[in-house]
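Keep in mind that what you see is a predicted model, and the values were worked out from it rather than measured.
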Amino acid sequence: FFFQAEDGIRDYKVTGVQTCALPILADKKKHVFDEDIIALIDDDLMKHNNAISLSSLEVIAGTKGPQKAKIELMIYDEIKKTESEGDGPVDAIFKAIKKIYPHNVNLQLYQVQAVTEGTDAQATVSVRIEEKGKISVGQAADTDTLVASAKAYINALNKLIIKRKRTAPSSDLSASA
């Protein structure tokens, strides 16, 4: 079936996988909003449409010298590598990603949450980015907080790439104008 957001602008084709997830979400929440359904659809799309993925990450952090990130990304089936310095290890990682995949987003939220207790706890990182009014949220979990940070940022970028494609004017419309 099709779902149209309340703003009347966005139409989504809802598949069986997404409709299976909807009752689970409804059981967890008292009210299901447009944004909840859109998030389900986005998450399902992300499983098959990642333009960018993390191949490897090395970080140098500490009290001496600048923090550095050496990163290798798979972008549209092509491996790209770079190194970057930053004001802290997370800043170095995000700058390295931006160096490989140039983009102009505003980081609105960076949040780390421990999933379990202890020094070996898994961290869940949430990243919210904004570009020209489009907001994208990425999340990732890993026992290495820096790896989770890179994956969450990449996840948010991948969602933004999909949103760009979804809202781009179709070639049929531009050809008839």
Could you walk me through whether Val105 and Glu130 pass the side chain to side chain contact (heavy atoms under 4.5 Å, CB included) check? CA-CA 5 Å; Val105 301; Glu130 180 272 333; over 6 Å; no
Report the C-alpha distance between His103 and Lys98 in whole Å, list the side-chain angles of each, state the deciding distance to 0.1 Å, and finish with yes or no for side chain to side chain contact (heavy atoms under 4.5 Å, CB included). CA-CA 6 Å; His103 56 279; Lys98 189 172 185 171; 3.6 Å; yes
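Put simply, Val112 and Val90 are part of the same group of oily side chains (I, L, V, M, F, W, Y) that touch within less than 4.5 Å, one to the next. Linking Ile, Leu, Val, Met, Phe, Trp and Tyr whenever their side-chain heavy atoms come within less than 4.5 Å puts Leu107 and Val59 in one cluster. In the hydrophobic clustering of this structure, Tyr153 groups with Ile161; members are Ile, Leu, Val, Met, Phe, Trp, Tyr whose side-chain heavy atoms approach within less than 4.5 Å, directly or through other members.
Smallest separation of non-hydrogen atoms from Gly138 and Asn155: CA-OD1, 3.1 Å. Across Ala140 and Ala152, no two heavy atoms sit closer than the pair CB-N, 3.5 Å. The minimum heavy-atom distance linking Gly86 with Asp91 is given by the pair CA-OD2, 3.4 Å.
Between the NZ atom in Lys81 and the OG atom in Ser55 there is a gap of 9.5 Å [rounded to 0.5 Å]. Here the CD-CG distance, from Glu72 to Leu57, works out to 10.5 Å after rounding to the nearest 0.5 Å. Taken to the nearest 0.5 Å, the CD1 atom of Ile100 stands 15.0 Å off from the NZ atom of Lys95. Remark: Ile97 CD1 to Ile71 CD1 distance equals 4.0 Å, nearest 0.5 Å.
Under a 3.5 Å cut-off, the side chain of Asn158 and the backbone N or O of Ala51 do form a donor-acceptor pair. Checking side-chain atoms of Thr145 against main-chain N and O of Ala123 turns up no donor-acceptor pair under 3.5 Å. Judged purely by atom type and a 3.5 angstrom limit, Lys159 uses its side chain to pair as donor or acceptor with the backbone of Val137. Judged by distance alone, with hydrogens and angles left aside, the side-chain atoms of Gln67 form a donor-acceptor pair with the main-chain N or O of Gly88 at under 3.5 Å. Proximity of a side-chain donor or acceptor of Lys68 to a complementary backbone N or O of Ala92 within less than 3.5 Å is not detected. Asn50 contributes no side-chain N or O that, together with a main-chain N or O of Ile52, makes up a donor-acceptor pair within less than 3.5 Å. When atom types are taken as modelled, the side chain of Asn106 and the backbone of Gln108 share no donor-acceptor pair closer than 3.5 angstrom. Here the side chain of Glu58 pairs no donor or acceptor atom with the backbone of Ile60 at under 3.5 angstrom.
Val147 has its side chain within reach of Leu54: a pair of non-hydrogen atoms, C-beta onward, lies under 4.5 Å apart. Counting heavy atoms from C-beta on, the side chains of Ile79 and Leu73 never come closer than 4.5 Å. Between Ile154 and Tyr101, every side-chain heavy-atom pair lies at or beyond the 4.5 Å cut-off. Inter-residue side-chain proximity for Val127 and Phe94 is flagged as met; some heavy-atom pair is nearer than 4.5 Å.
Ser149 and Tyr110 are linked by a side-chain donor-acceptor pair at a separation below 3.5 angstrom, with hydrogens and angles left out of the test. Remark: the Ser126 side chain and the Gln139 side chain contain an N/O donor-acceptor pair separated by less than 3.5 Å.
Atom NZ of Lys134 sits in a crowded spot, with more than 12 heavy atoms from other residues, nucleotides or ligands closer than 6.0 Å. The 12-atom threshold is not exceeded at NZ of Lys70, counting heavy atoms of other residues, nucleotides or ligands nearer than 6.0 Å.
Salt bridge annotation for Glu131-Lys163: absent, with no cationic side-chain nitrogen under 4.0 angstrom from a carboxylate oxygen.
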